[in-house]
Q: 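Quick one: this structure, given as structure tokens, is what I'll be asking you about.
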Amino acid sequence: MSKAAKCLGIHPMTRRQWAVDGKIPFMWVGRERRFSSVDVENMKRGSASSISRPRREVLYVRVSGSSGQESSLAAQEEELRATSTGEVVKVVKDRGSGLRENRPGLNRVLAMVSDGVSVVRVTHEDRLARFGVGWLKQLFAVYGVTLEVLHPKKSGGRDELLEDDVSLVTTFAGRPYGMRSAQARKRLLAESGQCAGGGDAG
């Protein structure tokens with residue numbers, strides 16, 4: 001930590017906060033954070049060029065329902081626009097549970113991260129994802145992109161948390177049922193084939 005901070009010319013506590021915020025990847029070795037020299041050098045070059053680099057923001061808003069809740073999407077967008085300090089290049093809207101990894105809007109954000117965007121902004125961390133936000137922060141950091149959360153450590157509404165719980169249970173419960181259903185169909189097809197074969201032979 002101290003060596004990385006010295007190389008970047010910053011205080012070790014600032015370096016620690018950058019790691020917590022996902023601005024630079026790290027790994028744990030025992031109880032110490034370790035940083036790749038390549039990542040530190042990239043961060044150093046990025047810091048030098050950030051003075052002239054324009055702030056280009058992507059605003060990401062999400063609701064869990066497949067329909068309705070337009071007012072919630074609009075409220076999130078309005079709040080993010082009101083606190084913007086750069087150029088808003090895109091507002092990405094998504095519908096679906098935060099547990100779903102394959103969301104059209106999230107996929108668009110991931111594509112834009114590598115295309116000149118400097119900041120991804122959300123009202124709450126769980127708007128982006130219920131789990132794995134740390135991994136997304138590290139991915140963003142690789143491209144020099146920062147994730148900014150307007151209201152840190154504040155969860156979404158009770159109703160949406162309940163919907164996510166139901167989605168999680170449904171996903172895992174549906175797998176064995178789907179396997180059983182597939183096995184049943186295969187067995188029925190095999191039996192029907194045997195019956196048809198027996199009729200032809202007769």
Side-chain angles (χ1 to χ4, degrees), residues 8 10-11 13-25 42-43 45-165 167:
L8 290 167
I10 59 175
H11 192 277
M13 289 304 294
T14 301
R15 188 68 193 83
R16 178 182 179 279
Q17 189 59 49
W18 284 6
V20 172
D21 292 341
K23 291 183 178 180
I24 187 169
N42 287 339
M43 193 74 173
R45 287 196 296 269
S47 298
S49 61
S50 62
I51 298 175
S52 59
R53 184 184 182 189
R55 180 182 169 92
R56 305 181 73 238
E57 301 179 2
V58 170
L59 311 183
Y60 179 79
V61 299
R62 179 184 65 80
V63 293
S64 60
S66 58
S67 62
Q69 297 182 295
E70 279 78 9
S71 60
S72 178
L73 288 172
Q76 292 177 54
E77 179 180 348
E78 181 180 359
E79 191 172 15
L80 290 170
R81 283 188 180 277
T83 54
S84 173
T85 57
E87 177 192 2
V88 177
V89 297
K90 186 72 175 178
V91 178
V92 179
K93 301 179 180 181
D94 233 344
R95 293 181 176 277
S97 169
L99 295 171
R100 286 181 52 199
E101 296 177 350
N102 189 23
R103 281 175 269 143
L106 180 59
N107 289 338
R108 286 198 295 274
V109 170
L110 294 176
M112 295 176 72
V113 161
S114 61
D115 193 27
V117 171
S118 55
V119 183
V120 174
R121 302 184 67 234
V122 294
T123 55
H124 300 84
E125 189 174 275
D126 60 13
R127 295 300 88 197
L128 188 65
R130 288 293 184 187
F131 303 105
V133 173
W135 294 108
L136 289 173
K137 285 182 178 179
Q138 291 194 35
L139 174 63
F140 292 178
V142 170
Y143 293 98
V145 176
T146 303
L147 173 65
E148 289 186 359
V149 181
L150 195 57
H151 304 293
K153 297 181 181 180
K154 186 176 180 181
S155 62
R158 180 179 178 181
D159 291 341
E160 183 166 354
L161 285 171
L162 181 59
E163 286 185 31
D164 283 344
D165 288 341
S167 297

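One-based numbering along the sequence shown.
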Q: With rounding to the nearest 0.5 Å, note down the distance linking CG in Leu59 to CD in Glu79.
A: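 With rounding to 0.5 Å, CG (Leu59) is 11.5 Å from CD (Glu79).
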Q: If we ignore angles and hydrogens, is there a donor and acceptor under 3.5 Å between the side chains of Ser84 and Glu57?
A: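 Their side chains do contain a donor-acceptor pair, which is all the 3.5 Å distance test asks for.
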Q: Looking only at non-hydrogen atoms, find the nearest pair between Tyr60 and Gly105 and report the distance.
A: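 So the minimum-distance heavy-atom pair works out to CE1-C, 3.9 Å.
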Q: How close do Leu73 and Arg95 get, counting heavy atoms only, and between which atoms?
A: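 Closest approach of Leu73 to Arg95: CD1-NH2, 3.7 Å.
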Q: Using the side chain to side chain contact (heavy atoms under 4.5 Å, CB included) definition, which of the options Val113, Leu139, Leu128, Leu136 pairs with Leu147?
A: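 Testing Leu147 for a side chain to side chain contact (heavy atoms under 4.5 Å, CB included) against Val113, Leu139, Leu128, Leu136 leaves exactly one candidate, Leu128.
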Q: Determine, for Lys93 against Glu70, whether the closest basic-nitrogen to carboxylate-oxygen distance falls under 4.0 angstrom.
A: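 Looking at Lys93 and Glu70, the cut-off is not met.
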Q: Side chain to side chain contact (heavy atoms under 4.5 Å, CB included) between Val63 and Gln76: does it pass, once the steps are laid out?
A: CA-CA 10 Å; Val63 293; Gln76 292 177 54; 4.1 Å; yes
Q: Please find the pair of heavy atoms, one from Glu125 and one from Val133, that lie closest to each other, and give the distance.
A: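 The pair with the smallest heavy-atom distance is CG-CG1, 3.5 Å.
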Q: To the closest 0.5 Å, what do you measure between OG (Ser64) and CZ (Arg127)?
A: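 Atom-to-atom, Ser64:OG and Arg127:CZ are 7.5 Å apart.
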Q: Give, for atom CZ of Phe140 and atom CG of Leu110, the distance between the pair rounded to the nearest 0.5 Å.
A: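 Interatomic distance, Phe140 CZ to Leu110 CG, rounded to 0.5 Å: 5.5 Å.
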Q: Taking everything shown except Glu87 itself, do over 12 heavy atoms lie less than 6.0 Å from its CD?
A: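 Above 12, so yes.
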Q: Quick one: closest heavy-atom pair of Pro54 and Ser118, and the distance?
A: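 Nearest pair, atom of Pro54 first, then Ser118: O-OG, 3.6 Å.
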Q: Give a yes or no answer on whether the side chain of Arg121 reaches the backbone of Leu80 with a donor-acceptor pair at less than 3.5 Å.
A: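 Yes; judged by distance alone, with no hydrogens or angles, the pair exists.
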Q: Counting N and O atoms only, with roles assigned by atom type, does the side chain of Arg62 sit under 3.5 Å from a partner on the main chain of Gly96, one being a donor and the other an acceptor?
A: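 Side chain of Arg62 to backbone of Gly96: a pair is present.
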Q: With a 4.5 Å cut-off on side-chain heavy atoms, are Val120 and Met112 touching?
A: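 Counting from C-beta outward, Met112 and Val120 never come under 4.5 Å.
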Q: Give a yes or no answer on whether the side chain of Thr123 reaches the backbone of Leu150 with a donor-acceptor pair at less than 3.5 Å.
A: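 Flag not set: sc Thr123 to bb Leu150 has no pair under 3.5 Å.
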Q: Give a yes or no on whether the backbone of Leu106 and the side-chain of Asp94 come within a donor-acceptor separation of less than 3.5 Å.
A: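 Looks like yes, one N/O pair under 3.5 Å.
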